[in-house]
Each structure stands twice: as C-alpha cells, then as structure tokens.
Engineer: 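First, the structure itself, so that you have it in front of you.
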Amino acid sequence: MSVPDYMQCAEDHQTLLVVVQPVGIVSEENFFRIYKRISSVNQISVRDSQRALYIRYRHHYPPENSEWGDFQTHRKVVGLITITDCFSAKDWPQTFEKFHMQKEIYGSTLYDSRLFVFGLQGEIAEQPRTDVAFYPSYDDCATVEKRIEDFVESLFIVLESKRLDRATDKSGDKIPLLCVPFEKKDFVGLDTDSRHYKKRCQGRLRKHVGDLCLQAGMLQDSLVHYHMSVELLRSVNDFLWLGAALEGLCSASVIYHYPGGTGGKAGARRFPGSALPAEAANRHRPGALTTNGINADTSTEIGRAKNCLSPEDIIEKYKEAISYYSKYKNAGVIELEACVKAVRVLAIQKRSMEASEFLQNAVYINLRQLSEEEKIQRYSILSELYELIGFHRKSAFFKRVAAMQCVAPSISEPGWRACYKLLLETLPGYSLSLDPQDFNKGTHRGWAAVQMRLLHELVYASRRMGNPALSVRHLSFLLQTMLDFLSDQEKKDVTQSLENYTSKCPGTMELLTLPDGLTLPPVPFTKLPIVRRVKLLNLPASLRPQKMKSLLGQNVSAKSPFIYSPIIAHSRGEERSKKIDFQWVQGDVCEVQLMVYNPMPFELRVENMGLLTSGVEFESLPAALSLPAESGLYPVTLVGVPQTTGTITVNGYHTTVFGVFSDCLLDSLPGIKTSGSTVEVIPALPRLQISTSLPRSAHSLQPSSGDEISTNVSVQLYNGETQQLVVRLENIGMEPLEKLEVTSKILTTKEKLYGDFLSWKLEDTLAQFPLQPGKVATFTISIKVKLDFSCQENLLQDLSDDGISVSGFPLCSPFRQVVRPRVESKPVNAAEGGRPGEPGHVKTLEAVLNFKYSGGPGHVEGYYRNLALGLHVEVEPSVFFTRVSTLPATSTRQCHLLLDVFNATEHELSVRARSDEELILHAGECQRMAIQVDKFNFESFAESPADKGQFANSKHLEEERQEARGLEINSKLDIHWTIISFSQTQGAQRGQLVSAGHR
C-alpha cells in the first residue's frame with residue numbers, strides 16, 4: 001500500500017468501504033449530483049437490533065490498498081456502485097460488460113455491487129433486477145436513497161455471516177494465517193504445526209474478528225477480541241499485527257469515549273434510539289449478543305471497564321502501535337495514518353504538545369517517491385492538522401510549502417492560481433490580514449521579515465496569474481504596513497516596482513473580488529506622507545463673517561430652559577470638540593492645514609492631493625507637492641470652495657503617490673491631532689476690496705481689541721494740514737454689495753487731538769448701492785491734524801522784545817492754559833537744536849477705519865463682513881507763536897493783537913489773517929504780526945448747569961472753559977498758513993490762546 005489516506009480518523013475503523021465510480025462517459029456534474037445523494041446514506045440502523053452500520057464512500061480508491069483488507073478490514077472495498085449513461089438498448093450489453101470489468105478490479109473483496117443506469121427506457125429497463133437500477137434521467141431518480149439503503153443491508157448480511165463464521169470456535173479446522181501482501185513470501189516453508197505458528201494464526205484471526213465486530217456495530221465484542229489478540233500476538237512477537245491490534249483497541253475506545261467523532265465532520269454520528277449516554281456500553285445486553293451468534297463464554301467479558309482504554313491509555317497504545325509499525329519499511333502508510341488518527345484524538349483532548357510530537361514523526365516518515373500532487377496533498381493535510389491543534393504558524397509554514405510545491409520547476413504547467421490560493425490561506429498563521437486597518441491597532445504582531453517575504457510571494461504569484469491589479473494591491477499593502485521594517489534600499493526597490501506596475505494598471509480604492517469570493521479591501525497610503533496634525537483654518541480677518549446682534553442676544557439658547565443640565569453636558573462637550581466656532585462662507589476659498597512628514601529616504605512626490613468632505617457640496621482644488629527626503633513636519637495647505645450651505649465635515653484627504661490613488665480618512669489615522677473637523681457654511685456674502693490714494697505703510701497697526709488690519713496706509717502731514725484720502729471700493733465677489741457702514745477709531749491716546757481728525761460723507765456713495773459684482777464706488781475722507789507742539793523750546797529762537805511771552809504755543813493749539821516762562825539759558829537755534837522734521841519732533845497718529853458691509857443671501861441671514869483699514873499719520877510741527885501782546889487801537893472797542901510767529905518747517909511759508917495781508921516767513925525765521933480785533937469779555941460766556949454736572953472737578957471744568965474761549969478766538973482771527981513752494985494750501989488753523997485779562 002503506497003497511497004495514504006490523510007483524511008482517516010479512528011472511527012473509520014467501524015465503517016464499510018464503498019467505492020462509487022462512473023462507467024463510460026458521464027459528465028462530472030451529473031456524477032457528483034448522484035454521488036452526493038449516495039454519500040448522504042452513510043449510516044443505517046440494523047433491523048431488529050440496536051446496532052448501527054456506518055458506510056464510508058470514496059469515488060477514487062487504489063485497488064492495491066484493498067489488498068490490506070485482512071490486516072484492517074476498513075481498508076477492504078466491500079461495495080461497488082457504478083453510475084453510467086445509456087440511451088439505447090443496443091448500447092446496453094457493452095455497458096453491462098463494463099460494469100463486470102469494473103467489478104473484477106475489486107472482485108476478491110466485494111460483498112455486493114450495484115449499477116445505476118440513467119437514460120435507458122423500454123423493455124430492458126422494465127425487467128426486475130437486484131444489481132441494476134434504471135432511471136429515465138438524473139432529475140427523475142427519487143428512489144436512489146432507498147436503493148442505497150437496500151444495498152447497505154445486503155452488505156450487512158454478508159458482513160454478519162463472515163463475522164459469525166470467523167467468530168465460531170472450530171477447533172477441528174485448521175486456522176488460516178492471515179497475511180499482508182509483503183509477508184507472503186516470508187512465510188514460505190514455515191512449520192505450520194508449531195505452537196508458535198498456531199498462536200500467530202489465532203492472534204491474527206482474533207484481531208480480524210475484532211475488526212468485523214467493530215464494523216458490525218458490536219463495540220464491546222470487538223474490545224474483547226482486540227484484548228485477546230494483543231495477548232496472543234505479544235507472546236509471539238508478531239509486532240506488525242500487534243500494532244494493528246493495539247490500533248484497533250484504540251479505535252474502539254475512541255468510538256466509546258467520543259461518540260461525536262474525531263474527524264471534525266459537519267455533524268456528529270447518529271446513533272439509533274435516544275441520545276448516547278455517558279455509559280454507552282450499557283446499551284448492549286449480554287442476551288442480545290448471544291442471540292446474534294456470539295459465544296456465551298466471551299459475552300461474560302462484555303461490560304467490564306477494563307476492556308475499554310482510558311483517554312490517557314489510548315494515546316499510550318497509539319505510541320506503542322506506531323513504534324511497532326516503524327519496524328517495517330513497507331508499513332509506512334499504516335504508520336503515517338496512525339499518527340494522523342492519534343493527532344485528531346489529541347486535538348479533542350486539547351493536548352497540543354503531544355499531538356505535535358505525532359505530527360513531527362509523521363513528517364519524517366519516508367514513503368515511496370511521491371508525485372507533486374501527492375506532496376501538495378501531504379503538506380496541505382499537515383497544515384490542517386497543525387491548525388487543528390492550534391499551531392497556527394507551523395500550519396502556515398506547511399501551507400506555504402504546499403503552495404511552493406504547486407509551482408515547482410519539475411511541473412510542466414505550474415499552478416499559480418493554486419499557489420496564490422494556498423498563500424492566502426497562510427496569512428492568519430503569520431498574523432497577517434489583507435485589511436490595512438488591522439495594522440493600526442497597537443503594536444505590530446508577527447515576524448515582519450517573514451511577513452514581507454510572504455507578501456512578496458503574493459505579489460509575484462498574482463503577477464504570474466496575469467492579474468496586475470492584484471499585484472498593485474499587494475505591493476501597496478506591503479509598502480503601507482511594512483514601511484517601518486523596510487531598509488532604505490528596500491524602500492527604493494519596492495517603490496520602483498510599484499511605479500512599474502501602476503504605469504500599466506493604476507492603483508484604485510475599489511474592492512477587488514477574487515474568483516473564490518474573497519474581497520481585498522483598498523489600501524490607502526496614510527504613511528506616504530505621514531500626517532500628524534489637521535487644522536481647519538479660519539477665513540482671513542477681512543473675510544470672516546460676523547453675526548448681527550439680535551435683541552435677545554447671541555448667547556441665548558432655546559434648546560433648554562435650564563442654564564446647566566448634567567445629562568447633556570457630556571454630549572455637548574463632544575460636539576464642541578469636533579465642531580469649530582468659526583464659519584466658512586459659501587463660494588469662498590477655504591483652507592485646511594496639514595502637518596505632514598516624509599518617511600522615505602528620497603524625495604516624495606504627492607500628486608492630486610485634495611480634501612474629502614461630507615455634508616455640503618464641496619469643490620476640492622487639488623494640489624501637488626514635493627517633500628524632501630525624511631523631512632520634518634512640513635505644512636501643507638489644502639483648499640476648496642463650498643458650493644452650498646450647511647454643516648461640512650472634513651473626513652480626510654486623497655492623494656496619488658507612486659501611481660496609487662488613496663482616500664485617507666482621519667478616523668483611520670493613528671496619532672493624529674485635530675482641533676475639530678466640522679464647521680458651518682453660511683450663505684454667500686459679497687467681497688469688498690479697498691484701495692486708497694495713499695501709499696501702503698510699513699507700520700503694522702496692532703489694535704488693543706485684537707482685530708486684524710487688512711491694509712495699512714501712511715501719510716506725512718504738517719500740523720494743521722488737511723489731506724483728502726480717496727477710498728476706492730470694488731466688489732470683487734459674486735454677490736451684490738447692499739449695505740455699508742464706515743466707522744473710525746483713533747488708537748493714539750497720549751496726544752491731545754483738537755477738532756475732527758477724520759470726516760467723510762457717504763450719501764453720494766450709498767446712492768450707487770447695491771453695488772453689483774465687478775463695480776467700483778469711491779468716497780473721500782478728510783484727514784485734519786491739530787496737535788499740541790508746545791513744550792518744545794529747542795525749536796524756538798529767542799526774541800529780546802519785552803512783553804508777554806507765550807512759550808511754545810503752536811498756532812493749532814488755542815486751548816493751552818499754562819503759560820511757560822522763556823528758557824533763560826543760551827539761545828538755541830534750529831541748527832543747534834536739530835531739524836524740525838527729525839523723529840524727536842514728529843508726532844504720530846494712528847487710526848482704524850472699519851468698513852462693515854453685507855449683501856446677498858448672507859445679508860438675509862443676518863451676517864456681515866468687516867474690513868479694517870489702518871491709517872498711520874506722522875505729524876511735523878508747522879507754525880508757533882512765541883510771544884503774544886496787545887496794544888490799544890484808535891477805537892475803544894478794538895485793540896491790536898501782536899503775535900511773534902515762528903516758522904518750524906524747512907520751507908518758506910506765508911501766514912495770513914482775516915485781512916489779505918500776508919507775512920512771509922523763511923525756514924526757522926520768527927517775525928511779528930499785528931492783528932486788529934474787537935474786544936470781548938470771556939466772563940460773558942454763560943455756563944450751563946449741565947456742564948457743571950458733567951465735569952466732576954474744577955480741572956475738567958476749566959479745560960472746557962478754555963476750549964470755548966479758544967473757539968471764539970479762532971473765529972475772530974481766522975489765521976492760516978501756506979507753504980509757498982507747494983503752491984497749495986496745506987491747512988488752516990484759526991485762533992490762539994490769550995489771557996482772559998487781555999482785551
């Protein structure tokens with residue numbers, strides 16, 4: 001016997017072997033349709049008995065194995081069922097002759113046979129026959145199962161007669177010597193009358209009867225015969241048959257202890273009557289055994305516990321039997337099958353380590369030169385058995401060996417599909433799966449070097465199968481999951497191979513379905529590049545939408561009447577962690593910043609990188625980037641435009657790397673930091689762009705409120721000068737500009753400012769609204785600077801005239817109250833004290849113009865935008881009054897006001913009062929001018945009670961009085977200056993401070 005049956009198990013010793021084969025030309029589909037129905041009748045209950053008969057069907061069985069039927073009766077083919085097609089009566093004789101030829105192959109061991117004929121009708125089919133069954137077609141054969149049951153009963157009759165014949169004590173007859181095929185030549189010339197020979201014959205016969213009893217459903221009888229056989233054969237050192245007797249004893253004990261079977265079949269063996277109790281032996285009554293022809297002397301042994309081996313003894317006897325088999329080179333198949341049976345028993349007993357010893361022994365059993373198919377089968381079964389005992393990695397090893405055997409060089413047509421299928425089955429044993437998500441859970445499991453080797457073999461096998469998409473998927477999986485274990489050179493080799501594959505078949509995110517139904521999930525490249533942080537960016541300050549304040553306030557929630565509810569506090573916290581507190585605007589470009597890292601030792605080119613969103617229709621604008629080798633965290637900004645309103649969620653991003661398209665979801669990225677991924681998209685708003693007639697400023701204003709300034713402009717003015725700022729408003733958005741409000745805020749607080757610094761009129765501009773997209777509107781802002789440049793004596797020249805000295809009074813500061821005395825030190829001229837325009841003499845004013853505007857659908861929903869324009873004004877001193885005095889005039893109602901005017905600029909200028917006379921002053925020059933004015937009394941100004949209540953102390957009240965007096969002086973004097981070289985009026989300032997006692 002040279003062909004092992006790796007599917008054998010201990011309970012197969014109680015089965016009858018029936019071979020089912022086709023005769024002539026029968027389609028494979030039809031044959032297996034009938035074979036499946038025949039094999040369903042695998043056990044029947046014997047009539048008038050509690051015994052059950054078990055059948056084992058095979059559609060292929062080597063005839064030479066049947067020659068070992070005397071050694072172990074379950075190896076003997078006792079039944080033959082043939083299936084044939086016959087459609088005409090003239091073909092019937094030839095078909096029947098083929099049936100007889102088939103019977104002759106197994107003729108020496110057959111108990112009975114049957115022929116199933118399909119397609120033949122007529123007179124021949126109507127003749128009653130026991131060994132032939134006729135059916136019109138494969139669809140019209142309802143009685144197949146009944147025919148098989150009758151056939152099995154006929155097998156039982158023959159089996160029972162043989163058992164009774166062998167079990168009956170025939171002391172007068174000579175007992176034949178049962179032999180295995182290779183023993184026959186060894187027994188030629190032996191003394192058949194010796195006691196040793198007779199014991200050998202008796203022991204072998206007892207063992208044979210034990211096999212027959214086991215097949216006939218008489219479990220305890222078989223145990224008795226096996227025990228007697230063991231004693232007889234051990235006494236004559238008949239080791240081969242002693243091993244068989246011990247194996248039979250083990251099989252019977254296994255059937256007793258494990259009625260559900262050890263072969264791992266779909267269903268447990270069915271026993272007649274009720275369920276089998278723990279003491280299954282008690283069912284067989286001694287009387288029943290005697291009735292069935294068993295000698296009463298042996299029946300007294302039945303029921304004794306010592307006849308059945310314990311679970312531990314079963315394994316010991318298996319070891320002993322296998323050791324005896326190993327003494328015979330020709331019994332290699334028997335030894336191998338015994339090891340397999342013992343492993344299955346140990347698997348049920350959960351004794352994995354001992355089972356592995358049996359399997360290790362089975363690996364080293366030398367059989368004849370096996371064919372490639374037999375090697376594949378052997379390694380596959382070893383793999384299944386290792387899997388059965390929980391040795392998953394060992395199982396995967398043998399499965400991989402079987403896969404490599406499928407494509408061995410000696411095979412003319414390598415089976416790459418079979419190789420690929422077997423390689424897939426090895427993945428669990430090496431802690432591998434085809435889902436990349438499994439590699440994001442904790443630390444890496446398994447040996448990475450072995451896993452990479454296996455993945456490379458999958459790539460190669462799939463390529464040889466002619467499936468490039470499969471090769472790309474496996475190579476992508478290798479690069480994604482094993483990136484941390486690849487050397488720099490391996491990374492280059494793998495990526496080069498991947499680019500070669502994707503040039504013919506680009507990688508996609510589609511599921512790949514294999515012919516056997518297995519699906520391969522997509523492999524997104526979440527590590528190429530590695531993303532560490534994702535941050536949704538707010539719109540620029542000039543584009544951020546703001547909600548108009550309602551009367552009820554913005555912080556009032558209508559969802560709950562309670563200020564705080566602990567029931568929903570937790571869920572609200574989760575919502576806050578994901579939803580961001582700013583808004584995006586429909587139709588505006590929105591940005592998401594990613595901090596990425598390139599782990600590759602070479603430059604990584606990422607193409608078609610864009611955002612994956614949900615909730616709102618979103619137009620992603622893909623980007624392409626190139627990351628340097630092993631770069632640190634590198635900021636990448638992805639942009640897109642929301643086309644509709646609602647709540648948008650940024651789910652991830654997509655890339656194309658090495659020809660593989662990937663959809664990378666944030667939920668599947670390990671260790672990523674994000675401040676939230678959900679933001680509200682409000683309706684579209686217009687976009688306002690502002691340009692001015694002034695140059696941009698290098699000074700960046702920083703308002704205390706934290707508002708961002710989009711544009712900064714600057715201008716240099718002389719004190720008292722007026723400048724016109726032309727503002728150009730352009731609607732560069734897609735919605736009409738319907739509302740506009742302009743406000744200003746002065747940031748400078750240390751300088752005392754007189755009069756209106758900024759003034760404008762919007763009526764003409766608003767008349768052009770709504771301002772359609774692409775249209776432009778303008779309006780003018782007047783910038784007037786009136787600052788106090790007093791206390792800068794180094795700008796003044798000393799005049800020796802007597803009179804009242806007003807030190808440092810500028811023309812533009814009529815409200816100063818304190819009169820400083822002249823400095824009695826050395827006179828300081830302009831050259832010694834520094835130029836007036838130097839930084840020490842320049843004052844700065846800063847202001848912010850806020851343009852609050854709205855329009856379109858966003859205006860309907862109550863949103864607006866705010867655009868801030870920063871204004872930086874540098875003010876230089878212009879004209880000072882260094883001395884003020886009065887003289888009587890010809891009229892008692894008037895007086896002459898004498899003013900010493902000092903030019904602090906670098907230019908020649910003219911000073912003019914309300915009369916047309918001009919005073920020309922060169923740079924740094926001081927001259928006196930006289931102005932005739934009407935007398936007036938400051939005490940004549942009435943003080944309202946409201947003023948007294950408004951100013952809490954006398955200092956504030958006095959300042960207000962001085963301001964009122966200064967305004968009166970300004971209106972009477974009407975003094976202004978002009979820089980001649982500029983040929984334009986820079987500004988006009990009126991009034992100066994005079995003491996209340998001067999009239």
Side-chain angles (χ1 to χ4, degrees), residues 540-543 687-703 705 707-732 737 740-751 753-766 768 771 775-787 789 812 836-839 841-853 865-878 905-907 909 976-979 981-989:
S542 60
L543 297 179
R687 292 183 60 182
L688 181 62
Q689 179 177 331
I690 292 181
S691 58
T692 68
S693 57
L694 296 179
R696 287 184 176 270
S697 173
H699 301 275
S700 179
L701 274 62
Q702 299 294 335
S705 60
D707 296 336
E708 296 184 21
I709 308 299
S710 59
T711 306
N712 291 277
V713 296
S714 63
V715 64
Q716 291 183 345
L717 299 176
Y718 285 105
N719 194 22
E721 183 180 356
T722 300
Q723 176 78 34
Q724 300 298 322
L725 172 63
V726 179
V727 179
R728 184 175 183 269
L729 308 175
E730 181 180 0
N731 184 2
I732 61 173
L737 181 59
L740 176 66
E741 295 180 12
V742 181
T743 58
S744 65
K745 180 179 181 182
I746 300 175
L747 303 183
T748 307
T749 57
K750 64 180 180 179
E751 300 294 343
L753 186 63
Y754 302 96
D756 294 332
F757 176 37
L758 301 173
S759 60
W760 61 85
K761 292 184 178 181
L762 279 178
E763 288 76 8
D764 295 340
T765 304
L766 294 179
Q768 304 177 38
L771 193 63
K775 299 298 182 180
V776 178
T778 60
F779 76 101
T780 302
I781 298 177
S782 294
I783 306 174
K784 299 178 182 179
V785 287
K786 302 177 183 179
L787 295 180
F789 273 86
C812 61
E838 290 183 354
H841 308 136
V842 176
K843 294 188 177 183
T844 301
L845 289 177
E846 291 182 342
V848 176
L849 286 166
N850 289 304
F851 297 82
K852 180 178 174 182
Y853 64 97
R865 279 175 167 158
N866 189 54
L867 187 60
L869 174 65
L871 179 61
H872 179 86
V873 181
E874 293 182 351
V875 185
E876 297 182 12
S878 55
T905 70
E906 298 179 352
H907 306 278
L909 56 78
H976 62 274
W977 53 267
T978 304
I979 295 178
S981 60
F982 290 175
S983 299
Q984 58 180 358
T985 301
Q986 301 293 334
Q989 287 296 316

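Being a predicted model, the structure only gives us computed values, none of them experimental. We're numbering straight along the sequence, starting at 1.
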Engineer: Quick one: CG on Asn731 to NZ on Lys775, what's the gap to the nearest 0.5 Å?
Structural biologist: 11.0 Å

Engineer: With rounding to the nearest 0.5 angstrom, report the CD to CD distance, Gln716 to Gln723.
Structural biologist: 11.5 Å

Engineer: Is the backbone of Leu787 close enough, under 3.5 Å, to the side chain of Asn719 for a donor and an acceptor to pair up by distance?
Structural biologist: yes

Engineer: Could you tell me the separation between the CD atom of Glu730 and the CZ atom of Arg687, rounded to the nearest 0.5 Å?
Structural biologist: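 Rounded to the nearest 0.5 Å, the CD-CZ separation comes to 11.0 Å.
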
Engineer: Please enumerate all residues that pass side-chain hydrogen bond (donor to acceptor under 3.5 Å, both in side chains) together with Asp756, with sequence neighbours excluded.
Structural biologist: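 For Asp756 there are no side-chain hydrogen bond (donor to acceptor under 3.5 Å, both in side chains) partners, ignoring immediate neighbours.
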
Engineer: Looking at residues at least two apart in the chain, or sitting in another chain, which of them share a side-chain contact (heavy atoms from CB on, under 4.5 Å) with Thr780?
Structural biologist: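 Thr780 satisfies side-chain contact (heavy atoms from CB on, under 4.5 Å) with Gln724, Val726 once adjacent residues are dropped.
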
Engineer: Would you compute the distance between atom OG1 of Thr905 and atom CH2 of Trp977 and round it to the nearest 0.5 angstrom?
Structural biologist: 7.0 Å

Engineer: Before giving the answer on side chain to side chain contact (heavy atoms under 4.5 Å, CB included), spell out for Leu766 and Leu740 the whole-Å C-alpha distance, their side-chain angles and the decisive distance to 0.1 Å.
Structural biologist: CA-CA 8 Å; Leu766 294 179; Leu740 176 66; 4.1 Å; yes

Engineer: To the nearest 0.5 Å, what is the distance between CD1 on Ile709 and CG on Leu871?
Structural biologist: 10.5 Å

Engineer: Any side-chain heavy atom of Leu758 within less than 4.5 Å of one from Ile783?
Structural biologist: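 Answer yes - side chains close enough.
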
Engineer: Any heavy-atom pair between the side chains of Leu845 and Val875 that's under 4.5 Å?
Structural biologist: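 The answer is yes; the side chains approach within 4.5 Å.
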
Engineer: With a 4.5 Å cut-off on side-chain heavy atoms, are Leu909 and Thr978 touching?
Structural biologist: no

Engineer: So do Arg696 and Thr711 actually touch side chain to side chain, heavy atoms under 4.5 Å?
Structural biologist: yes

Engineer: Taking side chain as C-beta onward, heavy atoms only, is Ser782 less than 4.5 Å from Trp760?
Structural biologist: no

Engineer: Run through Ile732, Asn866, Leu737, Leu543 and flag the one making a side chain to side chain contact (heavy atoms under 4.5 Å, CB included) with Leu688.
Structural biologist: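 The single option meeting the side chain to side chain contact (heavy atoms under 4.5 Å, CB included) with Leu688 is Leu737.
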
Engineer: Looking at residues at least two apart in the chain, or sitting in another chain, which of them share a salt bridge (charged side-chain N to carboxylate O under 4.0 Å, His left out) with Glu874?
Structural biologist: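 Testing Glu874 for salt bridge (charged side-chain N to carboxylate O under 4.0 Å, His left out), a comparison that skips the adjacent residues, returns none.
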
Engineer: By the definition side chain to side chain contact (heavy atoms under 4.5 Å, CB included), identify the one residue from Ile746, Leu747, Leu869, Thr743 that meets it with Val848.
Structural biologist: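 Going through Ile746, Leu747, Leu869, Thr743 one by one, the side chain to side chain contact (heavy atoms under 4.5 Å, CB included) with Val848 is satisfied by Leu747 alone.
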
Engineer: Using side chain to side chain contact (heavy atoms under 4.5 Å, CB included), reason through Leu694 and Ser714 one step at a time and then give a plain yes or no.
Structural biologist: CA-CA 7 Å; Leu694 296 179; Ser714 63; over 6 Å; no

Engineer: Side chains of Phe851 and Glu741: closer than 4.5 Å at any heavy-atom pair?
Structural biologist: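 Not in contact.
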
Engineer: Partners of Glu763 by side-chain hydrogen bond (donor to acceptor under 3.5 Å, both in side chains), sequence neighbours excluded?
Structural biologist: none

Engineer: Using side chain to side chain contact (heavy atoms under 4.5 Å, CB included), reason through His872 and Thr844 one step at a time and then give a plain yes or no.
Structural biologist: CA-CA 7 Å; His872 179 86; Thr844 301; 3.3 Å; yes

Engineer: Excluding sequence neighbours, so at least two apart, what forms side-chain contact (heavy atoms from CB on, under 4.5 Å) with Thr765?
Structural biologist: Leu729, Leu762, Phe769, Ala777, Phe779

Engineer: Taking C-beta and beyond as the side chain, do Val742 and Asn850 meet within less than 4.5 Å on heavy atoms?
Structural biologist: no

Engineer: Of all heavy-atom pairs between Ser878 and Tyr718, which one has the smallest distance, and what is that distance?
Structural biologist: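 Ser878 and Tyr718 have their closest heavy atoms at CB-CB, 4.2 Å.
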
Engineer: Could you pull out all residues at least two apart from Ser691 that satisfy side-chain contact (heavy atoms from CB on, under 4.5 Å)?
Structural biologist: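 Only Arg728 meet the side-chain contact (heavy atoms from CB on, under 4.5 Å) criterion with Ser691.
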
Engineer: Given side chains that start at C-beta, do those of Ile781 and Leu849 come closer than 4.5 Å, heavy atoms only?
Structural biologist: yes

